[in-house]
Amino acid sequence: LPVAGTFGIPATKVADRSWTVSTIDAPVEWGRFASLGFGADGRAAVSHGSKTQWATYELALTQCTDQTCTGSTTRIEPWRVSDQTSMATGSDWLPVWSFHDEAGGQMVVGRCSDAACSTISYSVVDPPEPPANGRHSNSGVLSSIAIGADGLPIVLYMNEGYLTGLWMAHCNDLACTTATRSPISGSLSDFHRFEVAIGIDGRPISAVFTSELGPFALAAMSCADALCSTGNATAIQTWMGEYFGWGFPSIVVGTDGLPIIAYNDLTVTDGGTPGPIHKESLKVAHCNNLTCTSSQITKIVEGATDFISADIGGDGLPFIAYRSGGALKVAHCKDVACLSSEIFSVDPGPNVGLFTSLATDPLGMPVIAYMDEANHDLKIARLGS
């Protein structure tokens with residue numbers, strides 16, 4: 001029976017500043033394309049790639065056997081991944097994740113069928129279309145998954161080929177055995193990374209890098225409805241000169257109900273002699289409204305950053321994981337708009353922090369999955385003992 005009142009896990013004051021880092025040794029290269037979620041036991045689960053002898057990557061699922069992941073199990077699945085996987089914790093507390101199956105050119109959703117993940121169900125959500133005009137479609141590139149207001153997964157993904165553009169799949173059940181797929185009107189078709197979140201109005205909102213707004217821009221794309229049948233893009237920051245490198249935007253919805261986008265500002269300006277000037281930094285845009293038609297931008301750190309991933313901690317404030325100088329670092333915001341922050345060095349490396357994925361566990365503590373490229377291992381970091 002429904003009971004009046006608000007229930008859930010109480011907010012945690014994140015006072016413990018110690019990070020526990022666990023290495024999951026791999027017989028081959030693990031951790032590429034990593035994305036993190038949680039199971040019904042509150043322990044982390046990570047979808048990632050396992051390198052084969054043919055230099056391709058099979059889908060792997062690693063499950064932690066304790067909160068700090070000092071123990072884990074990994075299973076290899078017969079799918080070939082090539083760009084990134086995206087995992088979320090389902091409304092039923094079972095991990096669900098999306099990925100691009102490179103071998104089949106299709107978008108697939110996987111889901112643990114029970115708390116122990118003894119079996120996994122896979123659904124081909126967007127199969128490749130028959131060739132048209134000599135071109136093939138390629139579905140599910142760089143997908144991003146979130147759990148909608150109705151408790152069902154939604155997936156934002158790119159189609160390549162004659163169906164080029166951003167698409168949204170709204171799953172009709174928890175395992176996404178069927179889905180309603182929509183090409184997004186006015187979608188941004190550049191092949192740069194993007195991420196989707198669910199606003200407090202129940203509508204998806206995404207952070208996307210694109211060149212379709214004139215100059216190259218970081219844009220917030222707000223959906224007009226829960227199915228995202230149409231979308232409107234608003235530029236957050238534009239670059240009139242050359243944009244240098246890949247963009248890594250991460251979007252979350254803060255405790256004030258407004259979207260927050262963390263991203264890397266990597267620009268090149270004409271420096272004349274002796275050459276171009278690189279200006280690089282980690283920035284946060286705090287939206288002033290639900291659709292992010294205006295925002296306040298704050299520079300968090302100066303210097304090159306990439307592989308950015310953010311979430312809201314148990315204290316109600318954003319945590320932002322990123323790679324800088326071959327190390328894994330985290331910015332903990334001191335306010336909801338991240339006007340000021342504290343920086344932590346979680347793993348000095350060398351050459352760690354690739355494919356970072358930060359999510360908050362049921363106790364309110366941030367957990368990060370990432371790749372140690374120097375040792376070809378998957379690593380898990382958790383704040384607090």
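Hydrogens, waters and symmetry mates are skipped; everything else that's a heavy atom, side chains included, is used.
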With no hydrogens and no angle check, do the side chains of [X] and [Y] hold a donor and an acceptor under 3.5 Å apart?
| X | Y | value |
| --- | --- | --- |
| Asn288 | Ser294 | yes |
| Asn264 | Thr305 | no |
| Glu102 | Tyr57 | no |
| Asn232 | Ser222 | no |
| Asp306 | Tyr322 | no |
| Ser143 | His100 | no |

Ring center gap for Phe319 and His332 short of 6.0 angstrom:
yes
Do Phe38 and Trp93 have ring centroids that are under 6.0 Å from one another?
no
Using only atom types and a distance under 3.5 Å, with no angle test, would you say the side chain of [X] pairs donor to acceptor with the backbone of [Y]?
| X | Y | answer |
| --- | --- | --- |
| Arg75 | Cys117 | yes |
| Ser139 | Met107 | no |
| Thr85 | Ser47 | yes |
| Thr234 | Thr293 | no |
| Ser22 | Thr68 | yes |
| Ser123 | Ala175 | yes |
| Ser182 | Ser229 | no |
| Thr210 | Ala217 | no |
| Ser309 | Leu358 | yes |
| Asn375 | Asp377 | no |

So, for [X] and [Y], which heavy atoms are closest and what is the spacing to 0.1 Å?
| X | Y | result |
| --- | --- | --- |
| Phe33 | Gln84 | CB-CA, 3.6 Å |
| Ser357 | Ser35 | OG-CA, 3.4 Å |
| Leu156 | Ser206 | CD2-OG, 3.3 Å |
| Thr178 | Asp173 | N-OD2, 3.7 Å |
| Asp315 | Leu317 | OD1-N, 3.1 Å |
| Asp311 | Val252 | CA-CG1, 3.7 Å |

Looking at [X] and [Y], does any basic side-chain N land under 4.0 Å from a carboxylate oxygen?
| X | Y | result |
| --- | --- | --- |
| Glu373 | Arg32 | yes |
| Arg43 | Asp66 | no |
| Arg80 | Asp101 | no |
| Glu195 | Arg193 | no |

From Leu258 CG over to Thr291 OG1, what is the distance, rounded to the nearest 0.5 angstrom?
10.0 Å
Give, for atom NE2 of His170 and atom OG1 of Thr180, the distance between the pair rounded to the nearest 0.5 Å.
7.5 Å
Is there a side chain to side chain contact (heavy atoms under 4.5 Å, CB included) between Thr255 and Ile312 once you walk through the steps?
CA-CA 8 Å; Thr255 52; Ile312 306 300; 4.1 Å; yes
Given side chain to side chain contact (heavy atoms under 4.5 Å, CB included), test Gln296 with Leu339 step by step and report yes or no.
CA-CA 9 Å; Gln296 183 175 11; Leu339 301 179; 3.6 Å; yes
Stepwise side chain to side chain contact (heavy atoms under 4.5 Å, CB included) check, Leu166 with Met158:
CA-CA 5 Å; Leu166 282 174; Met158 183 74 72; 3.9 Å; yes
Could you pull out all residues at least two apart from Asp225 that satisfy salt bridge (Lys or Arg N to Asp or Glu O under 4.0 Å)?
none
Kindly indicate whether the side chain of Ile236, heavy atoms from C-beta on, has any atom under 4.5 Å from the side chain of Ile297.
yes
Is the closest side-chain heavy-atom distance between Val155 and Arg181 below 4.5 Å?
no
Taking ring-ring contact (aromatic ring centres under 6.0 Å, His included) as the cut-off, I'd like each qualifying pair that reaches into residues 292-317, sequence neighbours left out, listed once.
Phe248-Phe307, Phe307-Phe355
Audit row: Asp25, Lys379, salt bridge (Lys or Arg N to Asp or Glu O under 4.0 Å) steps and yes/no
CA-CA 9 Å; Asp25 291 318; Lys379 284 188 171 182; over 6 Å; no
One pair to check against side chain to side chain contact (heavy atoms under 4.5 Å, CB included): Cys176 and Val96. What are the steps and the verdict?
CA-CA 9 Å; Cys176 211; Val96 59; 6.0 Å; no
